[in-house]
**Student:** 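Here it is, the structure in full.
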Amino acid sequence: MPSPFICRQCIARLTQSRFKPLTSKRFQLHTQAVSTSVLQPAWGFPGEQRRGTSVEHEASSDLDPQEPLSHSLPVSQNLQDGPVVEQEPRWNGRLKKFTPRRRADVAVVARESKVTGFEELKEKILQCLGDYQIVHKDLMNMYGLSREEARHAVNQLERLLWGRHSRVEAAERLGLFHIWKRNFSELLQISKSLYLPTEPDVVSTETVDEAHPTKQDLATVKDVWHRLSQERRAALWPRIIITAFRSNPGTLLGLIEATFEASWCPSYAVEDTVYLLFRALDNVQDSASKRQQLTELIFFLLENCPPRYLVLEQMTIHKAISSLSTSRVAQLYEALTRVEAPLSPNTLLQFASRFARESKFKVHAAEVIHSVSSMPGFDINSPPAASVCTTLLMLKEEDGLPSDYAAPDELFKMLLDAGFRPNLLNLTALMRNFCIRRRVEIAWSIFNILIERGNEPDSYVFSTLLNGSKLSLDVESLRRSVDMIEARVAWSPRLINDLLDFIYQGNESQAQGRRRQRKRQSAKAWRMMVRVYAKFFDLAPLQKLTLFPLENLLAPGSNNLAPAHLKEVDQIIAALPPRPDLLLMQPDSVTLVLMLRAHFRSIDSPHRLWAYYRHFGKLLKTGDPTVTKLVKDKGTSIYGIFLRDFMQYRETFKSGIRIVQNMQDKVNREKKKLGKDIFYPPPSVCTYTILMDGLGKRRHTRGVITALNMMIKEGIKPNIVTWNTVIKALLRDNYLEEAVRVMRYLEHIGLESNDRTVREVTNMNKYRRKGVAYLMKKLRKKAVDFGDERSFANSLLDIWEKKERDEQLVQRISMRSIRRILKKDPDIKKSSTPSANGAEDGIDDGYIEHP
């Protein structure tokens, strides 16, 4: 039987028919009974993506389905029957937002000219048949709305008229909507210049505060309001809000909480009122407390409204997110999800961005990103979304290690499932997370993926690997990193600083022995660092800060033996060739601070410390450019180095305390003279923590608590390292109850304890550990009012104040008892006459009763 023949032109048309339906007039198949081999079509899709054969494709149904489709047939070349239309691009697998085609009568309404009055607007809205986007510009012109406000008004119309089949009922609702929007445009102008007192003024006595007219009015309104019928409440509520906004906007928050009920409050009026209140906050300078009260109003409304009732402006949600803590942002997101409030992709990215910044909420961020990625038109690989994904993969060292579900690899899998295509920055962030978790071998696996994909690693990638090697003290990883950097000639000050820090941290990680032995090992590590420094940097800046020639450490005959624990690192350093003088780099402030820190660890005499301190002060006073730049960039770190070493010796212990006092005094004088601090940085949280650590090692626990109160008084917020120092000092002096109070306070303020906190407790003997566990269990059972941070720190000083009061009380009681015994005890013999030598014998006549 002859097989059908299909010309090349028809084959090309069939290719187009995969995307467009064929019409009988334009696409007619030219078949001819000839004896020839069957030509295969030139297109193909995977099996799961092929569409079913349509009626127009019956001509090709005789093709053998088992034979593979050929992709080599040139359908667009050597065509003699006429030109072929170019094929459209294939479907990329993503669904686009469905946009229904307007009916003919609705399209006529859309082409009408803009309306001039409310009756025309109402008639046009009723003719829209649900497509209220037609009146978007009319709403802008009629009520003076912005584009975003008019878009939200369109959304309000859709919910207002949804399911209203009666034209009379719809017209009545539109009349109320028109009255509100007409007043809304007026209130919008008022809010631009409105001062919004959200709480009454502070008064002197409680009696006057209770008699405040605002509170009396709200109590009266609440009492009268519940006596009205529901129909009356629905008619009056918008008018009350408008009147209050015009006359006394400070009562709006309380008025809404007293009268709100979803059954009689129009949703559009509630949404616009919240929007106006947030707009009014733009004119208030100190609006933090007022913004906080408005966000609490949002929580109140969300808790008391049914699903799909409240649709807040996206701008309102953005401002609420910016004024809340991350835990409260999570509660806001849950409340909005519970009432099924529609959220735009940008708003969801705002939520995800806030969640991604803290390790505790990273799982929330991943869930939000996964949900928003399924929205039509959203691209997870766009710059804003990719930035949030990078933040999600970032992990801060001070946050501690994440849980299983918040681990970087688990989060990365969730992002890949959502269609995320990682780039160099994302993969580097993932590498950094594994390095912080001391999983440097997985970081190297990710690095291999980077190389296979053709990405050229930059200095940040190598710095990440060097930091991972430093945290895990992995010498093989260090060797591999150094070899790759040397092969690419990619050395930079940042990478050299990482290599120097590896040597410093490797020496500091050794067990602490006697001071002399520790200083000897630090001196050897310092010589290794000087050799690395000399191969890449100019010696002059570092030489200016030292009191001896650095060439003595580089001479071949000097003691260049590396410590036993750093011999492998010394071999890696020895293999690095020195740079020519013309290629030597200038060290930055980080390099000089690191070198000084390592050198000061090797100084074994308080007199040499004093000599360096005077030398540094002299260079700063003369305006040396190196020291001046060092103080501007790392001033607090420099003083911290001196402070830490001064607190080690008994001779310089008090001088270390005076360093902190002098820092604050110099800052005050410089600010008074120049208006800002330039050469004398103020004490930081690191400065006070070093001071408190030195005081704690000297068993001066009261001084630790005093320093804590000083830093809080100066407006410096303690971190987890500072609180760990306080806990360590209290436990060392057996103040177990106070140490437990501090740990309980950390839980109260949401500051998570780290490994160091646990280590301070586990280092005690088992009896003290049992005491701490018992006190923690006892304290958790009862509610404790810690107060603010300053009051809590002051309460820790009550330990010594109470002890002093008890000692004074014991002394007073003892003297009274002695007097009472001497006066009233019958066993004491009474003498009729005093001894002539009484005064010389030391007898006090006042204690002898005479007849």
**Student:** Between Arg328 and Tyr333, is NZ or CZ placed under 6.0 angstrom from the six-membered ring centre and within 45° of the ring axis?
**Tutor:**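 No, a cation-pi geometry is absent between Arg328 and Tyr333.
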
**Student:** Taking atom CG of Leu478 and atom CD1 of Ile572, what is their separation to the nearest 0.5 Å?
**Tutor:**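 CD1 of Ile572 is found 4.5 Å from CG of Leu478.
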
**Student:** Hey, are the side chains of Arg744 and Glu747 touching, using non-hydrogen atoms and a 4.5 Å cut-off?
**Tutor:**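 Contact flag for Arg744/Glu747 side chains = yes.
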
**Student:** Pairing donors with acceptors under 3.5 angstrom, does anything connect the side chains of Ser463 and Asp498?
**Tutor:**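 Yes.
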
**Student:** Test the Arg480-Trp444 pair against the cation-pi criterion, namely NZ or CZ under 6.0 angstrom from the six-membered ring centroid and within 45° of the ring axis.
**Tutor:**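 Cation-pi check for Arg480 and Trp444: passes.
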
**Student:** Taking all non-hydrogen atoms of both residues, which atom of Ser353 and which atom of Val388 are closest, and how far apart?
**Tutor:**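 Where Ser353 meets Val388 most closely, the heavy atoms are N-CG1, 4.0 Å.
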
**Student:** Which atom pairs, donor and acceptor, lie under 3.5 Å between side-chain atoms of residues 339-350 and protein residues at least two apart or in another chain?
**Tutor:**
from: Glu340; atom 1: OE1; to: Arg308; atom 2: NE; distance (Å): 2.6
from: Glu340; atom 1: OE1; to: Arg308; atom 2: NH2; distance (Å): 3.3
from: Ser344; atom 1: OG; to: Gln314; atom 2: OE1; distance (Å): 3.3
from: Ser344; atom 1: OG; to: Thr347; atom 2: N; distance (Å): 3.3
from: Ser344; atom 1: OG; to: Thr347; atom 2: OG1; distance (Å): 2.9
from: Thr347; atom 1: OG1; to: Gln314; atom 2: OE1; distance (Å): 2.3
from: Thr347; atom 1: OG1; to: His318; atom 2: NE2; distance (Å): 3.2

**Student:** List the atom of Ser589, the atom of Lys634, and the distance in Å for their closest heavy-atom pair.
**Tutor:**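 Shortest heavy-atom separation between Ser589 and Lys634 comes out as CB-CG, 3.9 Å.
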
**Student:** Suppose we screen for ring-ring contact (aromatic ring centres under 6.0 Å, His included). Which residues come up paired with Tyr745, at least two apart in sequence or across chains?
**Tutor:**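 Checked Tyr745 against ring-ring contact (aromatic ring centres under 6.0 Å, His included); matches are Trp723, Phe786, Phe792.
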
**Student:** Return yes if a side-chain donor-acceptor contact under 3.5 Å exists between Ser445 and Asn448, otherwise no.
**Tutor:**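 No, no side-chain donor-acceptor contact under 3.5 Å.
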
**Student:** Between Arg531 and Asp570, is there a side-chain N and carboxylate O pair less than 4.0 Å apart?
**Tutor:**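 The answer is yes: the pair qualifies as a salt bridge.
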
**Student:** Would you indicate whether Glu568, at its atom CD, is surrounded by more than 12 heavy atoms from other residues, nucleotides or ligands within a distance under 6.0 Å?
**Tutor:**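 Result for CD/Glu568: open.
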
**Student:** What residues form a salt bridge (Lys or Arg N to Asp or Glu O under 4.0 Å) with Glu271, not counting sequence neighbours?
**Tutor:**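 If we apply the salt bridge (Lys or Arg N to Asp or Glu O under 4.0 Å) test to Glu271, skipping adjacent residues, the hits are Arg159.
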
**Student:** Is any NZ, NE, NH1 or NH2 atom of the basic residue among Lys629 and Asp633 found under 4.0 Å from an Asp or Glu carboxylate oxygen of the other?
**Tutor:**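 Looking at Asp633 together with Lys629, the answer is yes, because their closest N to O distance falls below 4.0 Å.
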
**Student:** Please enumerate all residues that pass salt bridge (Lys or Arg N to Asp or Glu O under 4.0 Å) together with Arg439, with sequence neighbours excluded.
**Tutor:**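 Arg439 satisfies salt bridge (Lys or Arg N to Asp or Glu O under 4.0 Å) with Glu441 only.
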
**Student:** Return the minimal non-hydrogen interatomic distance between Thr464 and Met431, and the atom names on each side.
**Tutor:**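 For Thr464 versus Met431, the nearest heavy atoms are CG2-C, 3.9 Å.
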
**Student:** To the nearest 0.5 Å, what is the distance between CD1 (Ile317) and CG (Leu336)?
**Tutor:**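 The CD1 atom of Ile317 sits 5.0 Å away from the CG atom of Leu336.
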
**Student:** Please determine whether a side-chain nitrogen of the Lys or Arg among Arg279 and Glu148 lies less than 4.0 Å from a carboxylate oxygen of the Asp or Glu.
**Tutor:**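 No salt bridge links Arg279 with Glu148.
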
**Student:** Is a donor on one side and an acceptor on the other found under 3.5 Å between the side chain of Asp458 and the backbone of Val461?
**Tutor:**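 A pair under 3.5 Å: yes.
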
**Student:** Compare every heavy atom of Leu392 with every heavy atom of Lys362, then report the nearest pair and how far apart it is.
**Tutor:**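 Heavy atoms only, the tightest pair is NZ-O, 3.1 Å.
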
**Student:** Apply the side chain to side chain donor-acceptor pair (under 3.5 Å) test between Thr390 and each candidate in Asn423, Asn426, Thr428; give the one that qualifies.
**Tutor:**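 Answer to the side chain to side chain donor-acceptor pair (under 3.5 Å) test with Thr390 among Asn423, Asn426, Thr428: Asn426.
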
**Student:** Is a side-chain donor or acceptor of Arg354 paired with a backbone partner of Val329 at a separation under 3.5 angstrom?
**Tutor:**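 No, the answer is negative, given that no donor and acceptor are paired below the 3.5 Å cut-off.
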
**Student:** Is the backbone of Asn497 close enough, under 3.5 Å, to the side chain of Asp501 for a donor and an acceptor to pair up by distance?
**Tutor:**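 Judged by distance alone, no pair lies under 3.5 Å.
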
**Student:** Checking the side chain of Glu149 only, and the main-chain atoms of Ser146 only, is there a donor and an acceptor separated by less than 3.5 Å?
**Tutor:**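 Judged by distance alone, yes, a pair lies under 3.5 Å.
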
**Student:** Is there a donor-acceptor pair under 3.5 Å between the side chain of Arg357 and the backbone N or O of Thr326?
**Tutor:**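 Pair absent, no side-chain N/O of Arg357 close to backbone of Thr326.
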
**Student:** Charged N to carboxylate O under 4.0 angstrom, Arg488 versus Glu456?
**Tutor:**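 Looking at Arg488 and Glu456, the cut-off is met.
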
**Student:** For side chain to side chain contact (heavy atoms under 4.5 Å, CB included), just list the numbers for Leu332 and Leu302, CA-CA rounded to whole Å, side-chain angles, deciding distance to a tenth of an Å, and then say yes or no.
**Tutor:** CA-CA 9 Å; Leu332 177 62; Leu302 294 175; 3.9 Å; yes

**Student:** Is a donor on one side and an acceptor on the other found under 3.5 Å between the side chain of Ser382 and the backbone of Phe378?
**Tutor:**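 No, because the side chain of Ser382 does not come within donor-acceptor range (under 3.5 Å) of the backbone of Phe378.
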
**Student:** Which value, rounded to the nearest 0.5 Å, describes the distance between Asp417 atom CG and Phe412 atom CZ?
**Tutor:**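 Spacing of CG (Asp417) from CZ (Phe412) equals 10.5 Å.
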
**Student:** When you look at Asp693 and Thr725, which way does the side-chain hydrogen bond (donor to acceptor under 3.5 Å, both in side chains) test go after all the steps?
**Tutor:** CA-CA 6 Å; Asp693 183 64; Thr725 306; 5.0 Å; no

**Student:** For the side chain of Asn381 and the backbone of Gly419, is there at least one donor-acceptor N/O pair under 3.5 Å apart?
**Tutor:**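 Checked: pair present.
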
**Student:** Taking only residues two or more places apart in sequence or in another chain, which ones pass ring-ring contact (aromatic ring centres under 6.0 Å, His included) with Phe361?
**Tutor:**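 Phe361 satisfies ring-ring contact (aromatic ring centres under 6.0 Å, His included) with His364 once adjacent residues are dropped.
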
**Student:** Hey, could you give me the CD/OG distance between Gln293 and Ser323, rounded to the nearest 0.5 Å?
**Tutor:**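 Rounded to the nearest 0.5 Å, the CD-OG separation comes out at 11.5 Å.
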
**Student:** Drop me the distance from Leu471's CG to Ser509's OG, to the nearest 0.5 angstrom.
**Tutor:**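 Answer for the CG-OG pair, Leu471 versus Ser509, is 11.5 Å.
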
**Student:** Checking Ser469 now: which residues fulfil side-chain hydrogen bond (donor to acceptor under 3.5 Å, both in side chains) with it, not counting sequence neighbours?
**Tutor:**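 For Ser469 the side-chain hydrogen bond (donor to acceptor under 3.5 Å, both in side chains) partners, ignoring immediate neighbours, are Ser477.
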
**Student:** Report the distance from atom CZ of Phe447 to atom CG of Leu430, rounding to the nearest 0.5 Å.
**Tutor:**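 Phe447 CZ to Leu430 CG: 14.5 Å, rounded to 0.5 Å.
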
